[in-house]
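Following: one structure in structure tokens, then a few remarks.
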Amino acid sequence: GAGVSQSPSNKVTEKGKDVELRCDPISGHTALYWYRQSLGQGLEFLIYFQGNSAPDKSGLPSDRFSAERTGGSVSTLTIQRTQQEDSAVYLCASTLDGGTDTQYFGPGTRLTVL
Amino acid sequence: KQEVTQIPAALSVPEGENLVLNCSFTDSAIYNLQWFRQDPGKGLTSLLLIQSSQREQTSGRLNASLDKSSGRSTLYIAASQPGDSATYLCAVRGAGANNLFFGTGTRLTVIP
């Protein structure tokens with residue numbers, strides 16, 4: 001595709017519900033990243049996928065957060081039993097091979113937990 | 001853990017001025033450093049990527065420098081325009097790390 005796409009662009013949910021956020025990376029990019037941008041804070045790394053390797057989950061804040069990447073392309077970030085502190089913009093990025101390449105970001109999903 | 005700091009947090013300049021944004025990082029063992037701009041409600045747009053072996057990169061009116069040993073980078077914007085108004089983010093990829101560590105950004109306003 002022309003760029004990284006994410007859906008939905010906005011998501012409002014009630015505390016305790018589960019949500020799924022989707023990322024479509026640039027076609028041919030093998031590396032995919034999820035970040036979170038909370039109000040007034042910098043971007044925080046969540047998880048990294050590279051090809052068929054085991055993902056780097058070191059940034060996930062709790063076991064309520066999980067992500068998968070099917071077929072080496074589309075990724076889904078799932079947040080279970082959402083809390084108000086999960087409210088943030090969730091950004092996805094991809095790179096050609098996960099090495100020292102430029103990271104290309106999607107427009108983000110703005111999650112609001114009421 | 002890598003810490004990235006950007007100064008100033010906000011900057012307002014009249015159109016046409018040259019300006020410098022600063023970024024510092026605590027761990028000099030990095031693969032690369034990347035500058036992004038973020039417009040309100042939008043994702044990040046990559047501006048420049050400097051590999052650890054490089055000293056600077058240029059793109060149009062933008063020039064980014066890297067001094068790895070002192071843990072500093074600057075983004076120079078020449079002849080600023082109102083369309084340059086955005087938040088500028090600096091991010092470093094540490095050696096052995098898969099992800100970028102981001103600063104909190106400098107919010108730039110160019111006044112017509």
Side-chain angles (χ1 to χ4, degrees), chain A residues 2-7 9-10 21 23-26 29-51 53-60 67 69 88-110 112, chain B residues 1-10 21 23-27 29-54 57 59 62 64 66 68 86-107:
Chain A
V4 179
S5 61
Q6 293 185 245
S7 61
S9 55
N10 281 284
L21 312 179
C23 171
D24 282 89
I26 293 173
H29 280 195
T30 63
L32 186 148
Y33 308 76
W34 283 97
Y35 293 88
R36 175 169 73 174
Q37 187 173 33
S38 303
L39 189 63
Q41 299 196 15
L43 275 84
E44 171 191 18
F45 166 72
L46 297 177
I47 190 168
Y48 162 75
F49 295 92
Q50 170 56 54
S53 302
D56 175 357
K57 304 179 183 180
S58 60
L60 295 179
R69 189 177 184 194
V89 176
Y90 290 81
L91 292 160
C92 174
S94 70
T95 68
L96 189 59
D97 66 6
T100 57
D101 292 334
T102 298
Q103 291 196 13
Y104 295 92
F105 280 77
T109 293
R110 180 174 299 277
T112 303
Chain B
K1 181 185 171 183
Q2 179 76 266
E3 300 283 345
V4 182
T5 304
Q6 291 186 246
I7 295 174
L21 307 181
C23 172
S24 61
F25 47 95
T26 55
D27 187 346
I30 65 170
Y31 277 140
N32 60 40
L33 182 144
Q34 202 165 346
W35 282 94
F36 297 86
R37 69 173 281 167
Q38 185 174 31
D39 294 280
K42 302 289 179 63
L44 278 66
T45 301
S46 180
L47 298 173
L48 290 164
L49 172 72
I50 310 176
Q51 303 293 355
S52 61
S53 59
Q54 298 174 324
Q57 283 285 331
S59 176
L62 306 180
L66 173 65
K68 199 173 66 166
T87 296
Y88 289 80
L89 295 164
C90 165
V92 298
R93 178 167 177 163
N98 293 316
N99 58 289
L100 294 175
F101 292 91
F102 282 84
T104 51
T106 294
R107 189 171 69 252

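A note on names: the letters A, B, ... follow the listed sequences, proteins ahead of strands, and every chain is numbered from 1.
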For A/Y33 and B/N99 the tightest heavy-atom approach is CE2-CA, 4.2 Å
Below 4.5 Å from any heavy atom of chain A, which atoms of B/F101 appear? Answer side chain, backbone, both or neither. neither
Which atoms of B/Q6 are under 4.5 Å from chain A, going by heavy atoms: the side chain, the backbone, both sets, or neither? neither
If we ignore hydrogens and angles and just use 3.5 Å, is the side chain of A/Y35 paired with the main-chain N or O of B/L100 as donor and acceptor? yes
Flag if over 12 foreign heavy atoms under 6.0 Å of OH, A/Y104: no
With a 4.5 angstrom heavy-atom cut-off, could you sort out which part of A/L43 is near chain B: side chain, backbone, both or neither? both
Using non-hydrogen atoms only, which part of A/Q103 is less than 4.5 Å away from chain B: side chain, backbone, both, or neither? both
How many angstroms lie between atom CG of B/N32 and atom OG1 of A/T102, to the nearest 0.5 angstrom? 8.0 Å
Can you run down the salt bridge (Lys or Arg N to Asp or Glu O under 4.0 Å) pairs that involve residues 94-103 of chain B, sequence neighbours left out, and say none if there aren't any? none
